[in-house]
Amino acid sequence: MTTTSIPSLHDAAVRLTPGGVHSNVRLTGPLVFFDRAAGARLWDINGNEYVDYLLGQGPNFLGHAHPVVNRVVTEALRKGMIYGAQHPLEVTAGQRFIDLLGWPDMVRLGVSGTEMVQAALRLARAVTGRERFVRFAGHYHGWLDNVLLAYDGDGAPIRASEGQLQSHVDDSSVLPWNDADALSEFLTERGGEVAAVIMEPFMCNSGAVSPRPGYLERVRELCDEHGIILIFDEVITGFRLALGGAAERFGVTPDLATYGKAMAGGYPVAALAGRGDLMERFATGVNHSGTFNASVMACAAVDAALTVLAEDPPYERIERHGRLVREGLLEVAATHDVPLRAQGIGPAFHVSFGDPAEVHDFAGLQRLDLARYNAFVPRLVEHGVWVAGRGIWYVSAAHGDAELTAVLERFDAALAAGPV
Ligand code: PMP
């Protein structure tokens, strides 16, 4: 291929690939082709450098191209990639995974968060003999028919894609999150139909919202009362909010939890973990399969990434860096007389312009002026800060003082470049 400019690559890409992208999430992103990445920085094919606060939507939690993880994976691959059968690294990686999380008894590895959510829902249905599941407005659990949702003007859940089966959308009941009374009322009426309650225990796909004090505990109690399986979707939060994910950070243990992103140093690996008495059903009647599950690459990446995290836990550094960036962004915005809100915690926070009110749920988020920040993001990207238009910022173990200085200078320059 001789095309090297971004417009000509894009022209070629849209001829080959619908929209020029391989995931619809990228349809709305700025037009960039990256050449390489290292640590907390990215470089595009024109040599422009960016500080990265998106981390590939989360996986590069150790920073891009972590040398130890890459070395361990490359060495492991010399002996083969996929056996279609067991190999010792599965046991090493599985043990490390369980040990670090602390609460689950068993784990199954897969490739994407989407599929692990499906495995969790199937297992919950199998063990309860019930079909319905409860989920929450604004939470994302993958792109398949029974979990993908959009919302109409009144906030009511609707199909998010042409071709999506309405009957699958109807499999779930969508409640407001962070509202234990709403869940309690619903379960009093229909608890006997419900196999599972699934949630992001820290809502990251709509804002960056902590559970209210006591909320997760109430949900846990309600699930126990009604014989319902509690699933934490920790695809974002797992190994990011703490070594033991949101379950450790907020001190509430689910029955099952899904993982992905931060668990494997950027390699495509996901997991479902949980109570042994539930998970064992995968060996006795509940199907979960996959050609690429627990490949040599996947197991080596999990083993290496989790070893790095255990030996040098970056959580305090990340907490501090995230706090300093949030505070710095607020200060810089104030010097431009631009009202900014930055809500969240060190490893994940959400930024928008306008009313600095704290939000607690999806409805609160919808009341913010999200479009104004979304329109500003291409300018921020032009100034060398790689972030998403939806407002989420992720911090990695590789972010340091140099990135702090760079991001605040670049944010300042982007605001100075014109009105927002
Ligand atoms: N659950 C959550 C909470 C997620 O954030 C995502 C992806 N962003 C998924 C599930 C789906 O994971 P994947 O994109 O790997 O299929």
Side-chain angles (χ1 to χ4, degrees), residues 21-29 53-61 108-122 124 133-150 160-161 164 172 174 177-178 196-211 216 230-241 245-247 249-250 254 256-274 288 290 292-293 295 297-298 301-302 305 344-345 347-350 361-362 365 387-394:
V21 298
H22 291 273
S23 167
N24 274 33
V25 172
R26 299 175 201 157
L27 280 173
T28 52
Y53 284 92
L54 189 52
L55 311 183
Q57 302 287 352
N60 295 297
F61 182 63
R108 270 284 176 98
L109 294 182
V111 178
S112 72
T114 296
E115 60 176 289
M116 300 327 292
V117 165
Q118 296 303 314
L121 292 174
R122 179 180 284 174
F133 64 96
V134 168
R135 46 90 50 92
F136 299 93
H139 293 219
Y140 180 76
H141 302 295
W143 63 276
L144 295 186
D145 276 17
N146 60 347
V147 286
L148 188 68
L149 282 187
S161 172
Q164 189 180 0
S172 68
V174 185
W177 188 65
N178 243 342
V197 168
I198 183 168
M199 68 160 76
E200 297 179 46
F202 171 90
M203 181 167 65
C204 244
N205 278 295
S206 298
V209 185
S210 291
L216 296 181
L230 176 58
I231 305 169
F232 279 177
D233 185 343
E234 295 233 36
V235 166
I236 292 180
T237 53
F239 302 97
R240 185 184 315 275
L241 266 50
R249 184 158 180 142
F250 301 115
L256 299 172
T258 52
Y259 298 88
K261 309 214 188 227
M263 64 181 279
Y267 287 84
V269 192
L272 171 61
H288 161 248
F292 291 105
N293 294 358
S295 69
M297 175 197 73
V302 171
I345 54 178
F349 54 91
H350 180 263
D361 57 15
F362 186 58
L365 189 81
V387 283
R390 68 190 172 92
I392 192 74
W393 289 52
Y394 293 123

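All ligand and atom numbering here is 1-based and tracks the order in the structure.
A distance-only check finds no donor-acceptor pair linking the side chain of E234 to the backbone of Y259 [under 3.5 Å].
Heavy atoms only, all atoms of each residue included: A262 and F239 are closest at CB-CB, 4.3 Å. Heavy-atom minimum distance, N178 versus S210: ND2-O, 3.1 Å.
Heavy-atom proximity to atom 3 (C) of ligand 1, evaluated over F232, Y140, W143, is greatest for Y140.
For ligand 1, the atoms closer than 4.0 angstrom to any heavy atom of E200 are 3 (C). Close contacts of ligand 1 with H141, meaning ligand atoms under 4.0 Å from a residue heavy atom, involve 1 (N), 10 (C). Atoms of ligand 1 lying under 4.0 Å from at least one heavy atom of I236, given by number and element, are 5 (O).
Around CZ of R390, the count of heavy atoms belonging to other residues, nucleotides or ligands within 6.0 Å exceeds 12.
Side-chain contact check for L272 versus T258: some heavy-atom pair is nearer than 4.5 Å. Side-chain contact between R135 and L121 is absent, with no heavy atoms from C-beta onward closer than 4.5 Å.
Looking only at protein heavy atoms, the nearest one to atom 15 (O) of ligand 1 is G113 N, 2.9 Å. Ranking the protein heavy atoms by distance from atom 10 (C) of ligand 1 puts D233 OD2, 3.5 Å first. Ranking protein heavy atoms by distance to atom 5 (O) of ligand 1, first place goes to N205 ND2, 2.9 Å. At the shortest separation from atom 16 (O) of ligand 1 among protein heavy atoms lies T114 OG1, 2.5 Å.
A heavy-atom separation below 4.0 Å is not found between Q57 and ligand 1. Taking a 4.0 Å cut-off on heavy atoms, K261 registers as neighbouring ligand 1.
Summarising the geometry, atom OH belonging to Y394 is positioned 12.0 Å from atom CG belonging to N60; distances are rounded to the nearest 0.5 Å.
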